[in-house]
Amino acid sequence: IAGGSGPAPPPGPRPAGLAAGAPTGRHSPSGLGGYGGGRGLAGVKLESLVPERSKPKAFDEVDLSHLKSSTKRAPGYTEGLPPLEALLRERGVDFSRPDPDRDIQLPLEAFEDTTLRTRTPEEWQELMRDVVTGEPTSLRCRALRQQEDGCGRWQTAAVSSWDAENQRYVLRWSGGAEEKALGVHVLFDGDDPVLFADRLAKALQSRRWANSLLKYHYFIDSMPEDRSRRIGRESAARIAAMAKSGMWDANDEFADKLNATLHALVDEAQVEYIRVQNLITFEKVHGEGKLSVLPLNLQLPPPPPSVEVPYLAVKVLPSWDESMGPPDPNIPHGYAQAFEWFCQASLRVRPEVCMALAATRGMCLDLLQERVFDVNFSQPMRQQEFIEKEEAAVMRLKGRLGMWVNTIRSRITQALQTATVKWFNTNETSLESYRASKLRPLLVCARLMMSNAFLLLGEDNLASYASVIEGLVPKRCEFPEGNLALKDVRNIIDDPKSENGERVLEPIFKQTLFRVELHLGDLMAIEAELAAQAPPPSDDKDKKKKKDDKKKEEENKPPPEPPMYFELSSKPDDFLNAVVSSFDKGISAFQDVHSVESVLLPHLIRDDHLDPNFTRTDPWVRVLRDRIAEACKAQEPWLKGVLKF
């Protein structure tokens, strides 16, 4: 390899190689180095080509780790690489077939990614000189020789110079013919074939995307605008008024010219507004595949990745300026006054306030661990046992909420007592003075935190209660025919892991909520019912006349239901009422909780309650209530089936 120890290379075309001179880092993606300076690909400047300087590094010693390629470049890695044609086919580029993009008139060199170059064309030009004599020489390469249909072959050639005006390499084929070729169609011997394949494939793909985007915008701009909506007069006038108030003074000498310019800008906004409507229509129709009549072979670039929403944002504070006219008392004069007003209006400049609000927030988070309903149904229970169990859970929550409010009151009082400057008077006797004091915003903020905690606790517990009730109800219940129907009852439940999405659950493994008993019904009432269903006796004279009519009536009349000799100890409606009533009582547990103001200042504010931010009439609450009712009603036909068998 040239550049190492040994005899000088023979005259004529020679391999360029990375050993012939180290490239600079001007085109590296990290932006390191410059024209012959800084950190190059091998850390060697172009001045090393001069014989008096140190000799360049060999190819295997060149560091290419900072280039855009996933291939790990170990010493001698090019020996194990596949041919250039195979590398290009892996990237979707095949010049053995006619080029489908031959009708694209956009120049390919405009889409070349120069960050994937190992050397610039000017640096390759410097290498086209003999290291010893300095005379011009050629560099061996493989170049693409294309036909009229776009197909081509990679052939050996020798590059003699770089035409900077036309952005082409001047090369001579092995047959002696000269030609000018693009930089993305010339691979010098010793250059990185992986980076070259990436660079060529990316240029072709970028040009294809650009051509599709031109078609895309041409179709949108050519769409009719007759039936498109325009910006309303009121909206256009409001836009113009906002522009006038922020751009110029109406009394300025150039006001007339600016008004004309403003009208032109509003007209341009109208055009853009209509264009956006056409764009939306085009996207919808094209997405449905209804544009087959147009020569659309659009290969649009992928959408940009979604930008992560920042957790913090910059808020621009209003500030008065002389160009705004006379001073406005509601607009601060600079940042100092804005910060002063903020400190006067905010309570969070005092440590005792921060301690009180932090304690309130901690208590609100602790409250979210509470449970409104007792959903631990380990064994079946009677209807009355269920009602008593849920009432006890609701009463326990009510007592816990009262203690919770008193704890917050004591934490706030303790935080306010530690203040060195007494801004907050908890012994205020005048209601008007309290409303004008700084204590009221503090308690209102704590009140809002507590109300929001009620909302979160209610949403979680009401939804979990509905889910538990629905989980106890199977998808369907099947009774086989025959005398042993009750022994072979099958509960069908949903199971996403099974093949058909459901499975059979044996009754012994089915968790149940209520326990009901079967007992004999009133036998006298059953006999009376059977007697009523029996046909009345008829005379012999009428038998022949009514015989045909009775047959027709019996055919159309549904068969009478068999009498129920057994009955349940509780009706299905009783179960429904018990479950729904417990749901309503859980909602009412949040209604009568005293606010922190009425507990901290009972001499000023009495009988003030917290707002839980939800009621039983809210849509999401009614949806949960209906789900519970539907789950209970689904069991009514199954219970009738048990009585039937």
Side-chain angles (χ1 to χ4, degrees), residues 1-3 8-21 23 27 49 59 78-79 81-91 93-99 101-102 107-114 116-131 133-204 207:
I1 299 178
R14 62 183 178 85
L18 291 176
H27 298 284
L49 298 176
F59 174 76
T78 55
E79 299 177 359
L81 289 178
L84 178 60
E85 291 81 357
L87 291 175
L88 291 174
R89 280 195 298 269
E90 291 176 359
R91 291 154 177 79
V93 180
D94 187 5
F95 288 102
S96 62
R97 301 177 181 179
D99 186 10
D101 300 334
R102 59 181 178 274
L108 183 61
E109 62 270 18
F111 303 94
E112 181 183 1
D113 186 359
T114 57
L116 296 177
R117 291 173 175 173
T118 56
R119 285 188 176 90
T120 64
E122 290 77 12
E123 293 168 357
W124 287 113
Q125 179 73 26
E126 291 292 334
L127 296 179
M128 295 176 194
R129 294 181 181 274
D130 191 87
V131 178
T133 63
E135 296 180 356
T137 183
S138 353
L139 297 179
R140 276 208 314 264
C141 69
R142 295 192 66 193
L144 178 65
R145 198 167 190 176
Q146 287 184 293
Q147 306 296 329
E148 294 181 358
D149 58 355
C151 64
R153 292 183 301 172
W154 294 92
Q155 297 182 359
T156 304
V159 179
S160 58
S161 64
W162 164 254
D163 187 356
E165 182 178 357
N166 296 320
Q167 297 292 302
R168 299 287 193 278
Y169 283 112
V170 180
L171 53 85
R172 180 183 294 105
W173 301 106
S174 58
E178 290 190 356
E179 188 177 337
K180 293 183 178 181
L182 295 174
V184 291
H185 289 166
V186 176
L187 173 62
F188 290 97
D189 287 3
D191 198 358
D192 190 336
V194 176
L195 285 179
F196 176 80
D198 291 340
R199 181 157 52 100
L200 178 55
K202 186 175 182 181
L204 292 172
R207 186 178 66 167

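The structure displayed is predicted, hence computed values, not measured ones.
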Shortest non-hydrogen contact between Lys202 and Asp113, atoms and distance: NZ-OD2, 2.7 Å

Does the side chain to side chain contact (heavy atoms under 4.5 Å, CB included) test come out yes or no for Arg117 and Glu123, once each step is laid out? CA-CA 11 Å; Arg117 291 173 175 173; Glu123 293 168 357; over 6 Å; no

Could you tell me whether the side chain of Leu88 reaches within less than 4.5 Å of the side chain of Trp154, counting heavy atoms only? yes

Could you go step by step and tell me if Leu139 and Trp124 meet the side chain to side chain contact (heavy atoms under 4.5 Å, CB included) rule? CA-CA 9 Å; Leu139 297 179; Trp124 287 113; 4.0 Å; yes

Only one of Val194, Thr118, Val184 forms a side-chain contact (heavy atoms from CB on, under 4.5 Å) with Arg199, so which one is it? Val184

Please report the interatomic distance CG(Leu127) to CZ(Phe188), rounded to the nearest 0.5 Å. 8.5 Å

Spacing of Gln147 atom CD and Asp99 atom CG [to the nearest 0.5 Å]: 12.5 Å

May I ask you to decide whether Lys180 forms a salt bridge with Asp163, counting only side-chain N to carboxylate O separations under 4.0 Å? yes

Donor-acceptor side-chain pairing of Trp173 and Gln155 below 3.5 angstrom: no

So salt bridge (charged side-chain N to carboxylate O under 4.0 Å, His left out) across residues 142-156, not counting sequence neighbours, yields Glu85-Arg142

Evaluate the side-chain proximity of Leu204 to Leu108: yes if any heavy-atom separation is below 4.5 Å, no if none is. yes

List the atom of Arg97, the atom of Cys151, and the distance in Å for their closest heavy-atom pair. O-CB, 3.3 Å

Determine whether Leu200 and His185 make a side-chain contact, defined as any pair of heavy atoms from C-beta on separated by less than 4.5 Å. yes

Once you round to the nearest 0.5 Å, how far does OH of Tyr169 lie from OG of Ser161? 10.5 Å

If you compare all heavy atoms of Arg91 against all heavy atoms of Ala201, which two are closest, and at what distance to 0.1 Å? CB-CB, 3.7 Å

Flag the pair Leu182 / Arg168 as yes when at least one side-chain heavy-atom distance between them is below 4.5 Å, and no otherwise. yes

Pro136 and Met128, any side-chain heavy atoms less than 4.5 Å apart: no

Of all heavy-atom pairs between Gly152 and Leu144, which one has the smallest distance, and what is that distance? C-CD1, 4.0 Å

